[in-house]
*Asks:* 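Just dropping this structure here.
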Protein chains: 2
Amino acid sequence: MAQHSRDILGRAPSLADTLALRLRDEIVSGRLRPGERLATEQQISETYGVSRPTVREAIGRLKHDGLVVTRQGAGAFVADPGAVSVFRLDVADFTDKEEIRNIVELLMAIEASATEHAAARRSDKDLRNIQAQLDAMQAAIDRGEPGVEEDLAFHRSIIEATGNPFFRDLSDFLDRRVRTFIRTARANTARLEGLTQAVQAEHQAISDAIARQDASGARLAAETHLKNAAGRLALYLKP
Amino acid sequence: MAQHSRDILGRAPSLADTLALRLRDEIVSGRLRPGERLATEQQISETYGVSRPTVREAIGRLKHDGLVVTRQGAGAFVADPGAVSVFRLDVADFTDKEEIRNIVELLMAIEASATEHAAARRSDKDLRNIQAQLDAMQAAIDRGEPGVEEDLAFHRSIIEATGNPFFRDLSDFLDRRVRTFIRTARANTARLEGLTQAVQAEHQAISDAIARQDASGARLAAETHLKNAAGRLALYLKP
DNA sequence: ATAACCAAGTTGCCTGACAAGTGGAAAATT
DNA sequence: AATTTTCCACTTGTCAGGCAACTTGGTTAT
């Protein structure tokens with residue numbers, strides 16, 4: 001049961017952490033049904049041999065994740081899955097390549113769709129912002145820099161134009177995740193050079209399609225760009 | 001500042017909740033930089049006028065969300081954004097129509113892409129599962145039932161065929177969210193009847209495309225299905 | 001029968017305390 | 001003087017015990 005498992009930094013998980021995990025398991029496995037009451041803090045404290053504050057901390061996390069709701073004086077109850085208003089995505093491992101593949105797949109789906117929507121309903125201000133980021137990227141290339149920050153800013157400006165905060169937050173998280181993976185993986189492999197201008201051309205095509213409000217064209221341009229990026233990334237995912 | 005704001009159920013947010021919110025704001029706003037140390041529990045306890053256990057609870061949530069890491073004896077530190085391995089999506093309101101629109105948009109992007117991938121790499125077992133769910137839905141229709149459960153199961157079987165857990169978990173959450181919205185909204189509006197057979201025809205088209213491993217065809221079929229579904233949903237989003 | 005009340009049980013929050021780990025300053029050694 | 005060792009203040013992790021606020025179901029009074 002991985003009793004002595006440790007996290008990434010080598011620290012042992014706290015009591016509250018492990019307890020929260022066990023309680024969570026009780027719920028997601030279905031042993032505790034929605035609406036059902038959990039044992040009282042006192043009881044849990046006794047059965048697991050920890051103090052009540054620790055139990056409170058564990059339950060507090062489940063509450064934070066929307067899995068349980070507590071009512072003072074009444075107890076803690078398993079939340080109705082339909083009423084859960086918190087979505088939580090746990091990315092376990094930094095080096096798991098299968099996981100990165102899945103993340104990239106999700107990221108591509110979101111970015112392609114977002115680009116399509118951006119083209120359909122961008123304001124003039126959105127367009128100006130996108131083109132400004134494109135210029136900034138070109139300037140970085142001219143200075144001989146890789147321009148990873150500018151690249152990210154360009155993509156973000158497109159997502160921003162959709163006006164959908166879910167697109168923004170999710171792609172932000174996934175994008176960051178992928179880029180840090182690349183950064184760490186790059187330490188072990190040769191650097192890829194001379195691609196930036198090709199990338200920029202793809203960006204230009206996306207920007208142009210958005211400028212003329214060509215939704216399907218924008219999606220296509222984004223898809224080819226993402227496919228190429230995934231192809232470059234695949235070099236790190238091979239073995 | 002919504003000092004006396006209350007949650008959906010009319011309960012006042014706990015002290016730890018509000019404190020966690022304020023500390024979170026310190027971080028995401030950038031007033032506390034990555035790597036920087038938070039004030040000690042003692043200090044926070046004094047500045048905010050709450051006890052240390054409450055402070056611990058608040059910090060515990062940030063820790064749970066990956067925003068801070070703590071080291072016993074050293075203190076609590078703002079986590080490096082690139083290292084954050086937890087994504088959290090907070091859906092605030094049940095009745096916010098703009099929010100539902102955004103959720104549906106994200107859901108459509110995911111489902112369309114997932115259907116495409118499912119067609120490309122489904123196993124025979126996946127296909128059998130999908131067709132079984134389709135048959136179950138037909139049986140429900142023949143019995144004169146709306147078949148919402150079967151509908152959900154059909155969609156899930158397709159997502160499952162992608163083998164990507166992120167697709168599964170996200171669409172699961174979003175789908176549930178949309179359906180509960182519809183359920184509550186439906187109480188105030190007339191019931192829509194006689195559409196189930198039309199829906200089923202769209203399902204059939206998707207299933208067929210997946211069966212012949214026609215990725216782009218599957219995407220197209222999914223897109224029309226989703227667009228129609230969104231159109232039906234739009235009736236609830238009008239005012 | 002109904003309404004008001006009460007008491008046990010439960011969560012929310014607090015004080016105070018000790019153990020375990022960290023980091024730097026002070027002391028000891030080379 | 002430079003380096004290593006030791007030590008101590010500080011911080012987080014955990015515990016014990018207690019009181020206030022709230023819920024619930026039964027009891028009592030009307």
Side-chain angles (χ1 to χ4, degrees), chain A residues 3-24 26-27 32 35-79, chain B residues 3-24 26-27 32 35-79:
Chain A
Q3 287 258 33
H4 297 283
S5 72
R6 307 187 153 250
D7 66 13
I8 320 160
L9 300 170
R11 300 192 332 273
S14 72
L15 282 182
D17 273 320
T18 54
L19 179 56
L21 227 60
R22 294 186 68 165
L23 292 176
R24 174 187 300 271
E26 293 271 319
I27 294 172
L32 250 55
E36 207 166 338
R37 218 196 73 177
L38 274 68
T40 68
E41 297 178 352
Q42 186 71 37
Q43 289 169 332
I44 296 176
S45 154
E46 283 164 11
T47 56
Y48 286 96
V50 295
S51 73
R52 218 192 90 179
T54 304
V55 175
R56 280 188 62 73
E57 204 176 325
I59 291 181
R61 296 200 189 159
L62 302 184
K63 203 166 40 166
H64 188 53
D65 289 347
L67 268 72
V68 309
V69 292
T70 59
R71 276 162 45 217
Q72 185 175 170
F77 302 83
V78 179
Chain B
Q3 287 258 30
H4 297 281
S5 72
R6 307 187 152 249
D7 68 12
I8 320 159
L9 299 170
R11 299 193 331 273
S14 73
L15 282 182
D17 273 320
T18 55
L19 179 56
L21 227 60
R22 296 186 68 163
L23 292 177
R24 175 188 299 270
E26 293 271 317
I27 294 173
L32 252 53
E36 207 166 339
R37 218 197 73 175
L38 273 69
T40 68
E41 297 178 350
Q42 185 72 37
Q43 289 169 330
I44 297 176
S45 152
E46 283 164 9
T47 56
Y48 287 97
V50 295
S51 73
R52 196 166 81 97
T54 304
V55 175
R56 281 189 60 73
E57 202 176 327
I59 292 181
R61 303 212 177 148
L62 302 184
K63 203 167 38 166
H64 189 53
D65 289 348
L67 268 73
V68 309
V69 291
T70 58
R71 276 161 44 215
Q72 185 175 170
F77 302 84
V78 179

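Quantities reported herein were computed from a predicted structural model and do not represent experimental measurements. Computation of the quantities below employed the complete heavy-atom set of this structure, encompassing side-chain atoms and omitting hydrogens, waters and symmetry-equivalent molecules. Proteins come first, then strands; the chains are lettered A, B, ... in the order of their sequence lines, and each starts at number 1.
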*Asks:* From the set C/dG21, D/dC15, D/dT14, return the single nucleotide nearest to any side-chain atom of A/Pro53.
*Replies:*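 Nucleotide nearest to A/Pro53's side chain: D/dC15.
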*Asks:* Calculate the interatomic distance between B/Arg52 atom CZ and D/dC10 atom C1'; express it in whole Å.
*Replies:*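 It works out to 12 Å between those atoms.
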*Asks:* Could you go through A/Glu57 and A/Arg61, starting from their C-alpha distance and side-chain angles, then the distance that decides it, and tell me whether this counts as salt bridge (Lys or Arg N to Asp or Glu O under 4.0 Å)?
*Replies:* CA-CA 7 Å; A/Glu57 204 176 325; A/Arg61 296 200 189 159; 2.9 Å; yes
*Asks:* Quick check: on DNA chain C, is the nucleotide nearest B/Val50 upstream (toward 5') of the one nearest B/Gly73, or the reverse? Name the residue that is more 5'.
*Replies:*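 Closer to the 5' end of DNA chain C: B/Val50.
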*Asks:* Report the distance from atom CG of A/Asp17 to atom C1' of D/dT12, rounded to the nearest whole Å.
*Replies:*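 In whole Å, D/dT12 C1' and A/Asp17 CG are 14 Å from each other.
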*Asks:* Separation of B/Gln72 atom CD from D/dC15 atom P, in whole Å?
*Replies:*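 Rounded to the whole Å, the gap is 12 Å.
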*Asks:* Grab the CD-P distance between A/Glu57 and C/dC13 for me, whole Å please.
*Replies:*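 Going from CD in A/Glu57 over to P in C/dC13 covers 14 Å.
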*Asks:* How long is the line joining CD of A/Glu41 and P of C/dT10, in whole Å?
*Replies:*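 Distance check: A/Glu41 CD to C/dT10 P gives 10 Å.
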*Asks:* Do you know which two heavy atoms are closest between A/Val50 and A/Leu19, and how far apart they sit?
*Replies:*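 Smallest interatomic distance, heavy atoms only, reads CG2-CD2, 4.1 Å.
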*Asks:* Starting at CD of A/Gln42 and ending at P of C/dG12, how long is that distance when rounded to a whole Å?
*Replies:*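 Result: 15 Å.
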*Asks:* Looking only at side-chain atoms of B/Lys63, point me to the closest of D/dT23, D/dA16, D/dG13.
*Replies:*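 Comparing D/dT23, D/dA16, D/dG13 against the side chain of B/Lys63, the answer is D/dG13.
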*Asks:* Taking the side chain as C-beta and beyond, is there a heavy-atom pair between B/Arg71 and B/Phe77 under 4.5 Å?
*Replies:*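 A side-chain contact exists here, since the closest heavy-atom pair is under 4.5 Å.
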*Asks:* What is the distance from CZ of A/Arg56 to P of D/dG17, rounded to the nearest Å?
*Replies:*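 Rounding to the nearest Å, CZ of A/Arg56 and P of D/dG17 are 18 Å apart.
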*Asks:* Should A/Arg71 be listed as having a side-chain N or O under 4.0 Å from OP1 or OP2 of C/dT11?
*Replies:*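 No, A/Arg71 has no side-chain N/O under 4.0 Å of OP1/OP2 on C/dT11.
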*Asks:* Please compare B/Ala74 and A/Ala74 by the position of their nearest nucleotide in DNA chain D and report the one closer to 5'.
*Replies:*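 The residue closer to the strand's 5' end, by nearest nucleotide, is B/Ala74.
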*Asks:* The side chain of B/Thr40 lies closest to which of these nucleotides: D/dT11, C/dC13, C/dG12?
*Replies:*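 That would be D/dT11.
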*Asks:* Please identify which of these residues, A/Leu67, A/Val68, A/Leu23, A/Val78, meets the side-chain contact (heavy atoms from CB on, under 4.5 Å) condition with A/Leu32.
*Replies:*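 Only one of A/Leu67, A/Val68, A/Leu23, A/Val78 forms a side-chain contact (heavy atoms from CB on, under 4.5 Å) with A/Leu32, namely A/Val78.
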*Asks:* Would you kindly give the CD-to-C1' distance between A/Glu46 and D/dC15, to the nearest whole Å?
*Replies:*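 To the nearest whole Å, that distance equals 15 Å.
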*Asks:* Less than 4.0 angstrom between a side-chain N/O of A/Thr54 and OP1 or OP2 of D/dG13, yes or no?
*Replies:*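 Looking at the OP1 and OP2 atoms of D/dG13, neither is under 4.0 Å from any side-chain N or O of A/Thr54.
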*Asks:* Is the count of non-hydrogen atoms from other residues, nucleotides or ligands lying under 6.0 Å from A/Arg37 atom CZ greater than 12?
*Replies:*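 Buried by this count: over 12 neighbours within 6.0 Å.
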*Asks:* Which of the following nucleotides, C/dC14, C/dG12, D/dC15, is nearest to the side chain of A/Ser51?
*Replies:*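 Taking heavy atoms from C-beta onward, the closest nucleotide is D/dC15.
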